[in-house]
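Just below is one structure, and these are the notes that go with it.
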Amino acid sequence: MAASKILQNEYKALSQEKWVNVELNNDDIFNWNVALIVINPGSLYYGGYFKAKMNFPHNYPYTPPSFQFNRALFHPNIYADGKLCISILHAPGDDEMSGESAGERWSPAQRVESILLSIISLLDDAECSSPANVDAGVMLRKNTEGFKKKAKADVEKSKEDIPAGFVMPTHESTARIPEKPVDDREFWVDSDEEDDFGGSDTDAEMTEDGNDGLPDDDDQEEGDDEDPENEDDETL
């Protein structure tokens with residue numbers, strides 16, 4: 001099936017990522033156990049290990065999967081049972097009732113990675129206009145410090161689900177080491193050194209003597225000026 005092949009490729013790719021831990025439920029490619037790992041140090045949920053389940057329809061990606069946290073977070077867009085209220089998981093097309101446009105909702109161009117990244121982004125960018133959890137929405141607006149404490153409590157609770165022996169990634173451990181920039185000054189120094197040793201002994205002689213070692217026109221002319229008669233006199 002096309003859906004199965006697509007999901008296998010996506011599963012393989014996500015298995016290489018540090019910010020998510022994925023495994024199949026009973027070796028079923030249509031049922032995933034996932035854990036979102038928040039590695040952004042600026043997030044209220046930094047250090048969290050949030051487990052969830054994803055179920056995929058057999059006509060994926062034409063229909064969106066479902067997503068549900070194992071532990072419900074105290075958050076305006078998360079229901080008490082752990083399900084999400086997020087546009088990207090709503091059926092494709094415009095919805096006049098919700099006011100959501102097709103561009104906000106699911107489309108076959110979306111993939112599992114884009115879903116998970118959207119959910120991580122939603123944690124710190126809650127939509128409070130029509131909250132799934134009214135109490136959380138009110139607290140976020142009127143008691144920000146109280147909401148932050150709730151979020152930190154959810155992070156600490158989530159750590160109970162970290163598998164034994166699993167090393168949690170951090171912002172530092174996942175940051176890419178930048179390559180050393182090339183220093184133009186080093187290039188020019190190397191080039192100057194090559195010029196110093198690039199000449200031959202002959203070149204040096206040419207510099208000292210002022211000629212190239214070959215007879216010049218003046219030397220030739222001096223030889224031509226010798227009087228042949230003088231040579232005959234010496235013979236006599």
Side-chain angles (χ1 to χ4, degrees), residues 6-7 10-11 13-25 29-57 60-61 63-92 95 98 100-134 136-137 139-140 147-148 150-162 166 168-171 174:
I6 292 172
L7 286 170
E10 293 194 58
Y11 180 84
L14 284 171
S15 296
Q16 307 300 316
E17 297 291 341
K18 298 292 185 182
W19 55 271
V20 62
N21 193 15
V22 296
E23 61 181 17
L24 300 183
N25 185 14
I29 194 62
F30 293 97
N31 291 280
W32 294 20
N33 295 320
V34 304
L36 299 180
I37 305 170
V38 183
I39 59 176
N40 174 16
S43 171
L44 284 177
Y45 298 89
Y46 178 59
Y49 185 90
F50 302 111
K51 293 188 69 175
K53 292 181 175 64
M54 294 189 75
N55 294 316
F56 297 87
Y60 175 85
T63 302
S66 64
F67 182 98
Q68 183 175 6
F69 283 111
N70 291 7
R71 296 176 185 269
L73 284 70
F74 185 78
H75 189 278
N77 304 118
I78 300 177
Y79 292 100
D81 61 358
K83 291 182 180 179
L84 287 176
C85 180
I86 185 172
S87 299
I88 196 174
L89 292 179
H90 293 165
D95 186 348
S98 67
E100 295 174 343
S101 67
E104 299 174 291
R105 296 161 69 88
W106 177 259
S107 79
Q110 301 286 2
R111 289 296 181 265
V112 180
E113 181 178 14
S114 60
I115 296 171
L116 300 181
L117 290 175
S118 295
I119 293 171
I120 291 176
S121 177
L122 179 70
L123 293 179
D124 286 306
D125 190 19
E127 174 55 59
C128 296
S129 59
S130 56
N133 184 327
V134 176
M139 181 175 285
L140 178 59
F147 182 83
K148 289 180 179 179
K150 287 277 192 181
K152 293 299 182 185
D154 283 335
V155 169
E156 294 304 313
K157 192 69 175 176
S158 74
K159 293 179 181 179
E160 298 177 7
D161 295 325
I162 299 174
F166 180 80
M168 282 285 287
T170 62
H171 174 71
T174 56

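For the single chain, residues carry numbers from 1 onward in sequence order.
- Residue K83 qualifies as open at atom NZ: its count of foreign heavy atoms under 6.0 Å is 12 or below.
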* Asked: Given F166 and Y49, is the ring pair (Phe, Tyr, Trp, His ring centres under 6.0 Å) satisfied, shown in steps?
  -> CA-CA 11 Å; F166 180 80; Y49 185 90; 5.6 Å; yes
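- You'll find the side chain of T170 stays beyond 4.5 Å of the side chain of I39, heavy atoms only.
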* To do: Before giving the answer on side-chain contact (heavy atoms from CB on, under 4.5 Å), spell out for N31 and K53 the whole-Å C-alpha distance, their side-chain angles and the decisive distance to 0.1 Å.
  => CA-CA 7 Å; N31 291 280; K53 292 181 175 64; over 6 Å; no
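- Looking at every heavy atom in both residues, I115 comes nearest to P65 through CD1-CG, 3.5 Å.
- Between K159 and G47, the shortest heavy-atom contact is CE-O, 3.5 Å.
- Residues F56 and V112 have side chains in contact (heavy-atom distance under 4.5 Å, counting atoms from C-beta outward).
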* Any chance you could lay out the side-chain contact (heavy atoms from CB on, under 4.5 Å) test for M168 and I37, step after step, and finish with the verdict? => CA-CA 8 Å; M168 282 285 287; I37 305 170; 3.7 Å; yes
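- Within the structure, salt bridge (Lys or Arg N to Asp or Glu O under 4.0 Å) pairs that include any residue of residues 14-23 do not occur (at least two apart or interchain).
- Checking L122, N133, L140, V134 one by one against P76, the side-chain contact (heavy atoms from CB on, under 4.5 Å) holds for a single residue, L140.
- A search for side-chain contact (heavy atoms from CB on, under 4.5 Å) contacts involving L24 returns Y11, I29, W32, not counting sequence neighbours.
- Taking the six-membered ring where tryptophan is involved, the planes of Y45 and H75 are tilted, since the angle between them lies from 30° to 60°.
- The shortest side-chain heavy-atom distance between F147 and F74 falls under the 4.5 Å cut-off.
- Side-chain contact between I120 and N40 is absent, with no heavy atoms from C-beta onward closer than 4.5 Å.
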* What's the verdict on side-chain contact (heavy atoms from CB on, under 4.5 Å) for I86 and S118, showing C-alpha distance, side-chain angles and the deciding distance? -> CA-CA 9 Å; I86 185 172; S118 295; 4.2 Å; yes
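- W19 has its side chain within reach of E113: a pair of non-hydrogen atoms, C-beta onward, lies under 4.5 Å apart.
- Side chains of S87 and W106 form no contact here, defined as non-hydrogen atoms less than 4.5 Å apart.
- Atom CD1 in I119 sits 6.0 Å away from atom CZ in F69 (nearest 0.5 Å).
- A side-chain donor-acceptor contact under 3.5 Å links E127 to the backbone of S129.
- Distance check, rounded to the nearest 0.5 Å: CG of L36 to OG of S158 gives 10.5 Å.
- L84 has its side chain out of reach of Q68: every pair of non-hydrogen atoms, C-beta onward, lies at least 4.5 Å apart.
- Between the side chain of T63 and the main chain of Y60, no donor-acceptor pair closer than 3.5 Å is present.
- For A80 against A72, the heavy-atom pair with the smallest separation is O-CB, 3.2 Å.
- Considering L73, D154, L44 as possible partners of L123, the one that fulfils the side-chain contact (heavy atoms from CB on, under 4.5 Å) test is L73.
- Nearest heavy atom pair, residue V38 against residue Y46, reads O-CD1, 3.4 Å.
- C85 approaches A132 most closely through the heavy-atom pair CB-CB, 4.0 Å.
- The two residues P169 and T174 make their nearest non-hydrogen contact at CB-CG2, 3.8 Å.
- A heavy-atom distance below 4.5 Å is not found between the side chains of K51 and R71.
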